[in-house]
There are 2 protein chains.
Amino acid sequence: MKGIRQLAEHLDISIGTVSRALNGKPDVNEETRKRVLAAAEELGYVANQSGRALRQGTTNVIGLMIESNKDIVEDSDNFFLGVTRGLQSVFARHKLDLIMLPCPSDEDPYEYLKRMVARRVVDAMIISATQRTDKRIDLLTKAKIPFVSLGRSLSSSNSSWIDLDFDGVANSAVDRLVAHGHRRIAIAAPSNDVNLGYIFLDGYRRALDRHGIAYDLSLVIRAKTSEQGGYQVGHELLQLADRPTAVILIYELMAIGLYRRLSEASITPGRDLAIIGFREEPRAKFLQPALTCFRISLRDLGAELGETLLATMPAYGHFYPNRPRTMIWPLELVPGESDSFHLKAE
Amino acid sequence: MKGIRQLAEHLDISIGTVSRALNGKPDVNEETRKRVLAAAEELGYVANQSGRALRQGTTNVIGLMIESNKDIVEDSDNFFLGVTRGLQSVFARHKLDLIMLPCPSDEDPYEYLKRMVARRVVDAMIISATQRTDKRIDLLTKAKIPFVSLGRSLSSSNSSWIDLDFDGVANSAVDRLVAHGHRRIAIAAPSNDVNLGYIFLDGYRRALDRHGIAYDLSLVIRAKTSEQGGYQVGHELLQLADRPTAVILIYELMAIGLYRRLSEASITPGRDLAIIGFREEPRAKFLQPALTCFRISLRDLGAELGETLLATMPAYGHFYPNRPRTMIWPLELVPGESDSFHLKAE
DNA sequence: CTGAAAGCGCTTACAG
DNA sequence: CTGAAAGCGCTTACAG
């Protein structure tokens, strides 16, 4: 089956009527509609996307931009595939398709996004890994492409975003450790300019402040957000003259590397050093002792992202009225044994 | 910047010339071309994808279909993101873009593919997770959409594919274990109908045969290809009356679950039970003792997949002449300590 | 309820 | 080397 013309000829009616029947327009005889739908099904006709998009001025496709740089490929788990399921559950209601746009590792993410946007392959975008200031946000705003970012940014003054509650995580981690008697609490922070690092550190700093603990720059360890980074964190912890008794990690896979480095030094997590990891992650489940970390439903997050995005789109906004433009996504503490020891009171 | 018309007006030349200049056609004055390119850059003009595709009858987009069912989301690592990098490196040569098409978990993969194909969003497809017989292959063949599958299938009699060397892996695993004195060698096989399971089991069976070891159905343990599946495998191994001394795993993450189950039973991998895992995987690196497994370069595999696909496309085939239609992708053994003990001779 | 026609934004023979 | 025009496959006012 080629096009709508062939289908119309086969049915011996005009293409206009075929189109209206297929698109569920009301002004079509029910009998005709049935014949059209049956023939389309039988001949496997589906409207050509380009013809449709060109005429309608809308593609009915939402893009999820993925940055597949080396770090992400090797280290991130299928965070995006999880989120994808939630997004699709929302988009399906409106017959919108989700496609993933992987930015090649040797192309500048900004240029890639610019190209994709200008080509009009999608009606709206979801971006993530927002930087402290992020040119992509200005680009999308200026191009008037609806978008939502996973992660806020200094650039996102008027745009929609959902961000994980890094502040809350930092605070409850510090509170928990302090309650166990810890005062020297290190923190692993990302070495790049991703915005979440700033928020995380800020939360940590203010939490210490609440407990009257001085902020000590030597306890802030910059590392790659990866397993290797975690190993590195372990290494640097061991170098510290006055070794901290606890450490909070920013990224889920750091725990794996950290455990390994500690094990090499015969230091037992949860006994010699308290550890609180970040996101609960299937592949960190094996860790002994079990890692105290934070749980998140990727699917729910994806669904929320989807609705937040649709709320900003003229054609779908009325389905999602009064929706907040931004949202802090809570994480739930999952107690393990990696931070279960109490320091004896001095 | 809206369309080519605006750009042409701004330059005060015809849209035909603008198009030719932008598309690198030879019959354009160099001076004109420069002006056009400069203006396009300045105004951020990029051709509308729908208009282009409609006119050319080609989208210059290749689709990679992803099945994001629950198992894959939770357990697979970023296998696809790795392969994606290789694919993109090849496609970039021809200015082809790669998009990932995630099949919603509640939609039938066959119907999803059919829809995407009929809508003509891509010029060619890459599919994976081929089943023993796979209707998608017939669909794509009939629709005359160029495609390559990662994984062969009984259905792929004339189509292009690259498959991992499951036969080779099964053979070298058995050889290695037999050389260490093992005779009772269990194997974990997938519980679904994915084609690789058949090939893997077949290789295992013939390898046993070569060594004069009888094939024992009770040593074939069906499990989900996941961490949980590995745990399950461990569980069933422990139930066996005459416990095997070695086990070969079909899927990378099984090792994690298996180690855990064994640890619960105080059985030490590499001392009480020899284990050979499947693909080397960052997140299994921490396992103690180190897992003997097989290495693969996802990027190289992706590049090869890309070239194999392009070779089947009329417009690009001449760039890749004499390219085999199918290919078995070798894996390299990475010795660990999980299978290092030798059984004493009886 | 249906058909005929316009036009979305491009590329590409075709004239000149 | 450039311009004018056709047409890719659709959807949608507009007539009837």
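So that the names make sense, note that chain A is the first sequence line, chain B the second, and so on, each numbered from 1.
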Near DNA chain D, which residues from residues 21-29 of chain B have a heavy atom under 4.0 Å away? Asp27(B), Val28(B), Asn29(B)
Does anything in residues 39-61 of chain B pair up under salt bridge (charged side-chain N to carboxylate O under 4.0 Å, His left out), and if so which pairs, sequence neighbours excluded? none
Keeping the roles fixed (side chain from Thr130(A), backbone from Arg152(A)), state whether a donor-acceptor pair exists under 3.5 Å. yes
Can you name the residues that form a salt bridge (charged side-chain N to carboxylate O under 4.0 Å, His left out) with Glu111(A), not counting sequence neighbours? none
Could you tell me if the side chain of Pro102(B) sits less than 4.5 Å from the side chain of Tyr112(B), heavy atoms only? yes
Acceptor/donor pairs from residues 89-96 of chain B side chains to any protein atom, 3.5 angstrom cut, sequence neighbours excluded:
unit_1: Ser89(B); atom_1: OG; unit_2: Gly86(B); atom_2: O; d: 2.7
unit_1: Arg93(B); atom_1: NH1; unit_2: Glu307(B); atom_2: OE2; d: 3.0
unit_1: Arg93(B); atom_1: NH1; unit_2: Tyr320(B); atom_2: OH; d: 2.8
unit_1: Arg93(B); atom_1: NH2; unit_2: Glu307(B); atom_2: OE2; d: 3.2
unit_1: His94(B); atom_1: NE2; unit_2: Tyr320(B); atom_2: OH; d: 2.7

Find the distance between CG (Leu309(B)) and CG (Leu150(B)) and round it off to the nearest 0.5 Å. 12.5 Å
Residues 138-149 of chain A side chain polar contacts: donor-acceptor under 3.5 Å, at least two apart:
unit_1: Thr141(A); atom_1: OG1; unit_2: Ile137(A); atom_2: O; d: 2.6
unit_1: Ser149(A); atom_1: OG; unit_2: Gly151(A); atom_2: O; d: 2.8

side-chain hydrogen bond (donor to acceptor under 3.5 Å, both in side chains) against Asn48(A), all qualifying residues, sequence neighbours excluded: none
Who pairs with Arg299(B) by salt bridge (charged side-chain N to carboxylate O under 4.0 Å, His left out), at least two apart in sequence or on another chain? none
What nucleic acid atoms does Ile13(B) come within less than 4.0 Å of, heavy atoms only: base, sugar-phosphate, or nothing? sugar-phosphate
Please list all pairs meeting salt bridge (charged side-chain N to carboxylate O under 4.0 Å, His left out) that have one or both residues in residues 26-35 of chain B, counting only residues at least two apart or in different chains. Glu30(B)-Arg33(B)
Give the first and the last nucleotide of DNA chain D, reading 5' to 3', that has any atom under 4.0 Å from a heavy atom of chain A. dG9(D) to dA13(D)
Identify, with sequence neighbours excluded, every residue that meets salt bridge (charged side-chain N to carboxylate O under 4.0 Å, His left out) alongside Asp123(A). none
Ranges pairing with ranges for DNA chain D, where each run has three or more Watson-Crick or G-U pairs under 3.5 Å: C:1-3 with D:14-16, C:5-12 with D:5-12, C:14-16 with D:1-3
Report the distance from atom CZ of Arg136(B) to atom OG of Ser159(B), rounding to the nearest 0.5 Å. 11.0 Å
Give the residues of residues 50-60 of chain B touching DNA chain C, defined as any heavy atom closer than 4.0 Å, sorted by residue number. Gly51(B), Arg52(B), Leu54(B), Arg55(B), Gln56(B)
